Amino acid sequence: MTKKIIINDVTLRDGMHAISHQYSVEQIAELTQLLDDSGVDIIEATHGDGLGGSSLQFGLSKESEDDIIRTTVENVKNAKVAVLLLPGVGTIDHLKNAHNLGAKVVRVATHCTEADVSEQHIKAGLSLGMDTVGFLMMSHRATPENLLEQAKKMESYGAETIYVVDSAGALSMDDVRQRVSLFKENLSTKIGFHAHNNLSLGVANSIVAIQEGADRVDASLAGMGAGAGNAALEQLVAVMNKMEISHNVDLFKVMDAAENVMKPMMVRPVQIDRLSLMLGYTGVYSSFLLFAERAGKEYGVDPREILMRIGKMNAVGGQEDWIIGIAQELAKENQMT
Ligand SMILES: C[C@H](O)CC(=O)C(=O)O
Ligand SMILES: [Mn+2]
C-alpha cells in the first residue's frame with residue numbers, strides 16, 4: 001500500500017484512564033520524547049476525558065491541564081500535539097487555551113448518535129486553523145447507516161477527518177468493515193479508526209479499517225488505555241510492516257519504549273482479563289473498568305454484574321456515577337436472596 005497511514009498516538013490521553021489520570025509531568029515528558037523520536041505523527045495529551053475532564057465525576061488529574069499540554073508541546077520536535085474535546089465537558093475557551101499552548105489538532109468527540117452537539121466546537125477548531133477531527137464514540141451502538149448519518153453532520157460542520165471510535169472494544173471485524181467502507185463510499189473527509197482491545201481485536205480491527213480506506217489509526221505504547229487498552233502501537237507497527245502498509249514509525253524504538261518505559265509505569269496491567277473482556281462482551285465504555293472494579297470491592301459485588309447491568313442500561317460516557325447506584329442495588333438484591 002503506497003498511501004502513508006497517519007498514526008495518532010493516545011498513550012498520554014487514553015492511557016490517562018488506565019493510570020487514573022495520574023501521569024506526572026516527568027512521565028509525560030519522557031513518553032513524549034520517546035514517541036516523538038519513534039516517528040508517530042500525532043500525540044494526543046489531555047485528561048482521559050479530554051479538556052475540562054479533571055473532576056470528581058471523571059477523576060482528578062495529578063497535573064493541571066495546562067501542564068499536561070505544555071509539557072507535551074515542549075517535548076515534541078516533529079509530532080503534532082492533539083487535544084480531545086467532549087462538548088459539554090470542555091468548552092471553546094478550553095480549546096482556545098489549548099491552541100495558545102501549542103496544540104495543533106482537535107478531536108471533537110460525541111456519543112455516536114449525538115453529532116449535532118459538535119457543530120460549534122468543530123467550527124471553532126477550524127477557525128483556529130487546527131486540524132479538526134470528528135470522533136464518534138461508542139460506534140457499536142449505531143447501525144452503520146445511522147453512524148454514517150451522524151458522520152455526515154460532522155462533515156457538514158467542516159470536520160476534516162471523521163473517526164469510527166470503538167470505545168467499548170465491542171466491534172467485530174465485519175462491524176468495522178461495514179462502518180469504515182460506508183464512510184469511504186459516502187464521505188469526502190479523511191477517515192480514522194480508534195480501537196479498544198477488549199475482545200482482542202484492537203490490531204486486527206485497525207488493519208481492517210486501513211484495508212477499507214482509513215487514513216488515520218490510533219494506537220498506544222503497550223496498548224496503554226482504558227479497558228484492555230487500545231491497539232498496541234508496537235504490535236500494530238509490526239503487522240503493518242509485514243503487510244507493507246506505509247507509515248512513519250520505527251518498530252524497534254516503539255518496542256523498546258513499550259517494554260522498558262511504558263509497562264513499568266502501569267499501575268494495573270493493561271490486559272485482557274475477565275473484567276476488561278466483559279466490556280467488549282457487553283458493549284460498555286472502556287473507561288468504566290476501574291470505576292466498576294472499585295465499586296465492586298466497596299459494595300462486595302461481582303464487578304461483572306455491574307458491567308452487565310450498565311450495558312443493558314445503554315450508559316454513555318459521563319454516566320460513571322450510575323456505577324455506584326448499580327453496585328448498591330446489586331448489594332441489596334444479594335442480601336435479599
Ligand atoms: C472520552 C473517551 O475516553 C474517548 C475515547 O477514547 C473513546 O471513546 O474510546
Ligand atoms: Mn478510547
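Heads up: numbering here begins at 1 and tracks the sequence. Start at 1 and go down the list; that is how both ligands and their atoms are numbered. Remember, predicted model here, so these are calculated numbers, not experimental data.
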Between Arg13 and Asp49, does at least one N-O distance fall below 4.0 Å, as a salt bridge requires?
no

Pull out every atom of ligand 1 sitting under 4.0 Å from any heavy atom of His196, numbered as shown with elements.
9 (O)

How wide is the angle at the Mn ion (ligand 2) spanned by His194 NE2 and Asp14 OD2, rounded to 10 degrees?
90°

Tell me whether the NZ or CZ atom of Arg107 lies within the 45° cone about the ring axis of Tyr163 and under 6.0 Å from its centre.
yes

Distance filter under 4.0 Å to Val165 heavy atoms, resulting ligand 1 atoms:
7 (C), 8 (O), 9 (O)

Considering distance alone, does some N or O of Ser167 sit under 3.5 Å from an N or O of ligand 1?
yes

Give a yes-or-no answer on whether the side chains of His247 and Asp41 include a donor-acceptor pair shorter than 3.5 Å.
no

Need the ligand 1 atom indices (1-based, order shown) with element for anything under 4.0 Å from a heavy-atom of His194.
5 (C), 6 (O), 7 (C), 9 (O)

Using a plain distance cutoff, I'd like to know if Arg13 has any nitrogen or oxygen under 3.5 Å from a nitrogen or oxygen of ligand 1.
yes

Short N/O distance, under 3.5 Å, between Ser287 and ligand 1?
no

Scan side-chain atoms only and decide if His140 and Asp175 contain a donor-acceptor pair under the 3.5 Å cut-off.
no

Within-shell test, Ala109 vs ligand 1, heavy atom, strictly < 4.0 Å
no

Do me a favour and list the nearest non-hydrogen protein atom to atom 3 (O) of ligand 1 with residue, atom name and distance?
His17 NE2, 2.8 Å

Where His21 and Leu60 come nearest, the two heavy atoms and their spacing
CB-O, 4.0 Å

So, of the N/O/S atoms that His196 has, which is the nearest one to the Mn ion (ligand 2)?
NE2

List the closest protein heavy-atom neighbour of atom 2 (C) of ligand 1: residue, atom name, distance to the nearest 0.1 Å.
Tyr285 OH, 3.2 Å

Regarding Arg179 and the six-membered ring of Phe183, is the cationic atom NZ or CZ under 6.0 Å from the ring centre and inside 45° of its axis?
no

Do the charged groups of Lys153 and Glu119 touch, with an N to O distance under 4.0 Å?
no

